[in-house]
*Asks:* 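Attaching a single structure in C-alpha cells format; questions to follow.
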Amino acid sequence: MNGIRTNNRKKIVVVFLCILLAMTALAGRLVYLMVFRSAHYSGMAQELHERERSIKAARGRILDVNGKVLASNRSVCTISVIHSQIKEPEKVIAALAKELEMDEETVRRRVEKVSSIERIRANVPKETGDKIREYKLEGVKVDEDYKRYYPYGSLASKALGFTGGDNQGIIGLEVMYDENLKGTDGKILTLTDARGVEIEDAGETRLNPVDGNDLRISLDYNIQMYAQQAAEKAMQAKEADSVSVIIMKPSNGEIMAMVNLPEFDLNNPYELPEGTDAGSAEEKQELLNQMWRNGCINDTYEPGSTFKVITASAALEEGVVSLSDHFFCPGYKIVEDRRIRCAKTSGHGAEDFAQGLGNSCNPVFIELGLRLGADNFYDYFRQFGLLAKTGIDLPGEARTIMHEKDKIGQVELATISFGQSFQITPIQLAATISSLINGGLRVTPHFALQEEDAEGNIVKKFNYEPTTRIVSSETSATMRTLLEKVVSEGGGKKAYIEGYRIGGKTATSQTLPRSAHRYIASFMCFAPADDPQVLCLVIINNPQGVYYGGTIAAPVAKELFENILPYLGIEKDKTAEDNKNLLQQTLKSDILKF
C-alpha cells in the first residue's frame, strides 16, 4: 500500500515539475517577446493599422548646354479609392466616370473591388483632380504626381528618350541617367481601425520626397534646331528613308546635336505615325521599337569613302605613303582574280596622294591597304578604337562588324581600304575622325556635362577628357591639310563657304543586297581646318534620284555650317584666298621634303 502511495507521490511531483517547466518556458517566451522583440511586433501591429500612399518625387530636368529646359515635369494626379471608406458607391462611380471620361463599368469594377487601396487612373490632369476633390467623396483619394513633359516635342527625341508611366527612364539619356534624375519618393501614412477605416483626428504622417537632380548636357538647342530643319528639308527633297546628323566637338567629344529622322513626339511616345497598321500587340511593339531606334548609335552601315580618312591616316602613320608618292588610275585595280573598279570608270590617270584623296580614287586606297598589309591594318583598327564601342553615354551602342583578322585576304583588304565589306556606326566614324584631326587624341563622344541641384549648384561633373594618343600630331596636321584641299578643290567643293577653312570627305556606299540598288550618301566636314572646333557628319539613307554624297549630302553640311559657325562665334578668315594659296604651297613644300 505504501508502495502505491509512494508511486502516486512521484507521479504528482513529475506532473508538477512539468507544469512548472512549461510555465517557466512560457514566462521566458513572454519576457523575450515583450522585452527583446517588442519593437518588431509593435511595428507589425502598427503596419496592420497604417495605410501607405506614395508621394512621387519630381524628376530632375534635362538642360541644354546654355540652360534651356529640354525635359521637365507637369503636375498631374493619381485617383484612388479605399473600399472600406466608401459610403455612397453609386455617387462615387458616377462622378469618377464623368470626370475621368471612363466607361462606368470599368470604374464600377475598381470601386467595388475589396482591397486596401485601388488605383482608378494615374496621370490625370491637375484640373481634373481638383474637380474631383470638390465632390468631397468619402473613400476617394486625389494624390498629386508628376508627368514628364518635353517642351519641344520631337526635338532630339531618340537622344533624350522618354519615361514610362512610373516616371522611370525607357530609352536615351532618360534611362542612362535615371539614377541621377529620378529622386526618392515620399510617403503618406494614415491610421486605420481593424476594419480598415481611417481613424478620425489621427492625422497623417508624411515622409517628404527628395526631388531628382538636373542633368546639363552638351546638346545645344539652337544647333539641334538648325540640324533638324536642314535634315527635314533634305529628307523631303530626296524622298529618303531616313537622315542622320551628328555635330560634335572634335577636341573633347561633346555632342552638340544628334538628329535621327524621322523623329517622334516625346509627349506621345506610344503613338505610331499616321497611317501605320499596327496589327497585333507584338507587331505594334516591334514598330515602336523601330520608331525609337537611334540610327546614329544602334545601327551599322558601310561607311564608303569617308573611311578613306582612316586608311590615309594609318598609311601616313606607318610610313607606307608620302605626299610625294604618285599613282596611276586606269579606272580599276586588279587584286588576285578580282577587277575592282573606281567610281570614275574612265580613270583619274596620273595623280599624287593629295589628288587621290580629293578624287576619292579607289585604286589609290587599295594600294595603300595592300602596302599596309592585313596585320598592320588590323592593328590600326584596334589602335584607333574601331574594334571597341565608343563608350557614348547612350544605351544600345552597336559594335563594328569586321572580318576576323585571319579571314582578311587581299580582296577583303582592298575593299576595306575604301570603306566596304565591313560596317561601323555613324558615332564610331565621327568619333574616330574627330580623334584623327584633333591632334591625335582619342575622344569619347558624350552628352552629360554635369549634375546640378535645384539651385544650379554642381553636384557632379562627368569627365571624358581624351588621354589616349592614336596618331602623331604630325599625321593629324597632314590629314587636316589634305582634307581642307578636298573641300577647296576636290569632291567636297559643294561644302565650300567663302571665308572659312573647311576640311571634309564625301562618301557614297551601297546597302546589301547590292542588287537592290539602294545607296547611302554621306559627308563629313570640320572647321576651322587648322583648329577644328566643330565636326559634322550627314548621312542620307536611300535617297531617290541622284545619290552621290558630294552632290546631295555636302550641301546639307554647308547649310549647317553657314548657320553654326557664326553662331559659335567662329569668324570668317579675311585672308581666305591667301590661305587657299598657302595651302597649295604647303602641300608642294611637303612633297619636296620627301
Side-chain angles (χ1 to χ4, degrees), residues 299-321 325-351 353 355-388 398-425 428-429 432-433 436 491 505-522 547-549:
D299 296 333
T300 58
Y301 77 117
E302 286 190 356
S305 294
T306 47
F307 191 79
K308 290 172 181 172
V309 177
I310 294 166
T311 303
S313 299
L316 285 168
E317 188 76 359
E318 187 64 18
V320 299
V321 70
D325 283 6
H326 284 77
F327 303 85
F328 184 82
C329 169
Y332 62 89
K333 189 172 181 67
I334 295 175
V335 180
E336 292 185 340
D337 61 343
R338 294 277 296 277
R339 183 186 180 102
I340 304 174
R341 67 181 182 86
C342 186
K344 186 176 181 181
T345 54
S346 60
H348 293 104
E351 55 191 342
F353 179 41
Q355 290 170 328
L357 181 60
N359 293 331
S360 199
C361 179
N362 285 350
V364 169
F365 284 87
I366 292 172
E367 176 63 26
L368 295 187
L370 295 175
R371 289 182 187 182
L372 278 165
D375 288 347
N376 272 343
F377 211 166
Y378 200 85
D379 288 343
Y380 276 106
F381 294 152
R382 183 177 289 108
Q383 181 174 316
F384 291 172
L386 288 164
L387 298 181
R399 286 182 180 273
T400 299
I401 301 173
M402 180 62 71
H403 302 278
E404 293 180 14
K405 187 174 181 178
D406 58 0
K407 299 291 177 61
I408 300 177
Q410 295 293 285
V411 172
E412 289 76 22
L413 185 57
T415 55
I416 289 170
S417 68
F418 59 85
Q420 288 188 10
S421 79
F422 72 97
Q423 295 189 0
I424 61 175
T425 59
Q428 178 64 267
L429 182 68
T432 304
I433 293 179
L436 294 173
K505 184 71 191 76
T506 64
T508 307
S509 57
Q510 257 186 300
T511 60
L512 296 174
R514 309 289 187 205
S515 58
H517 300 294
R518 293 165 60 92
Y519 296 89
I520 298 174
S522 60
Y547 52 80
Y548 299 112

*Asks:* With distance as the sole test, does E318 use its side chain to make a donor-acceptor pair with the main-chain N or O of F377 at under 3.5 Å?
*Replies:* no

*Asks:* Taking the side chain as C-beta and beyond, is there a heavy-atom pair between Y378 and L387 under 4.5 Å?
*Replies:*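 Yes. Closest side-chain heavy atoms under 4.5 Å.
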
*Asks:* What distance do E302 atom CD and I520 atom CD1 have between them, rounded to the nearest 0.5 Å?
*Replies:*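 E302 CD to I520 CD1: 8.0 Å, rounded to 0.5 Å.
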
*Asks:* Could you check whether any side-chain N or O of T508 sits under 3.5 Å from a backbone N or O of G549, counting only pairs where one atom can act as donor and the other as acceptor?
*Replies:*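 Looks like yes, one N/O pair under 3.5 Å.
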
*Asks:* Minimum heavy-atom separation for L436 and V309, please, with both atom names.
*Replies:* CD1-O, 4.3 Å

*Asks:* Taking side-chain contact (heavy atoms from CB on, under 4.5 Å) as the criterion, tell me which of D337, L370, I366 meets it with Q410.
*Replies:*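 In the set D337, L370, I366, the residue that makes a side-chain contact (heavy atoms from CB on, under 4.5 Å) with Q410 is L370.
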
*Asks:* Between E367 (side chain) and V364 (backbone), is there a donor-acceptor pair under 3.5 Å?
*Replies:*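 Side chain of E367 to backbone of V364, a donor-acceptor pair under 3.5 Å: no, none is there.
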
*Asks:* Between T432 and L429 (side chain of the first, backbone of the second, donor and acceptor by atom type, cut-off under 3.5 Å), is there such a pair?
*Replies:*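 Such a contact is absent between T432 side chain and L429 backbone.
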
*Asks:* I need the minimum non-hydrogen distance between A521 and Y548, along with the two atoms involved.
*Replies:*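 Answer, listing the atom of A521 first, then Y548: CB-C, 4.0 Å.
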
*Asks:* Do the non-hydrogen side-chain atoms of K505 and S360 ever get within less than 4.5 Å of each other?
*Replies:*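 With C-beta onward as the side chain, the pair touches.
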
*Asks:* Do you know the tightest heavy-atom contact between A343 and N362?
*Replies:* N-ND2, 4.2 Å

*Asks:* What closest approach, in Å, do L368 and A312 show between heavy atoms, and which atom pair accounts for it?
*Replies:*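 So the minimum-distance heavy-atom pair works out to CD1-CA, 4.4 Å.
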
*Asks:* How many angstroms lie between SG in C361 and CZ in F328, if you round to the nearest 0.5 Å?
*Replies:* 10.0 Å

*Asks:* Checking S305 side chain against K308 main chain: does a donor-acceptor pair fall under 3.5 Å?
*Replies:*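 Checked: no pair found.
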
*Asks:* Quick check: do T311 and F418 have side-chain heavy atoms less than 4.5 Å from each other?
*Replies:* no

*Asks:* Can you measure from CD (Q355) to SG (C329) and round to the nearest 0.5 angstrom?
*Replies:*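 If I round to the nearest 0.5 Å, the distance is 12.0 Å.
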
*Asks:* Which heavy atom in Y301 sits nearest to a heavy atom in T425, and how many Å separate them?
*Replies:* CE2-C, 4.2 Å

*Asks:* How far does CD1 of I416 sit from CZ of F381, to the nearest 0.5 angstrom?
*Replies:* 5.0 Å

*Asks:* Kindly compute the distance separating CZ (R518) from CD (Q510), expressed to the nearest 0.5 Å.
*Replies:*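 So the CZ of R518 and the CD of Q510 are separated by 11.0 Å.
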
*Asks:* Say you draw a straight line from CG of N359 to SG of C342; how long is it, rounded to the nearest 0.5 Å?
*Replies:* 8.0 Å

*Asks:* Mind listing the side-chain donor-acceptor pairs of residues 401-408 below 3.5 Å, one per line with the distance, residues two or more places apart or on another chain?
*Replies:*
{"from": "H403", "atom 1": "NE2", "to": "S421", "atom 2": "O", "distance (Å)": "2.9"}
{"from": "H403", "atom 1": "NE2", "to": "S421", "atom 2": "OG", "distance (Å)": "3.2"}

*Asks:* Side chain of S417, backbone of F365: donor and acceptor closer than 3.5 Å?
*Replies:* yes

*Asks:* For L413 versus A374, what's the shortest heavy-atom pair and its separation?
*Replies:*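 So the two residues come closest at CD2-N, 3.7 Å.
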
*Asks:* Is the side chain of T300 donor-acceptor paired with the backbone N or O of Q423 at a distance under 3.5 Å, no angle test?
*Replies:*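 No, T300 side chain to Q423 backbone: no donor-acceptor pair under 3.5 Å.
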
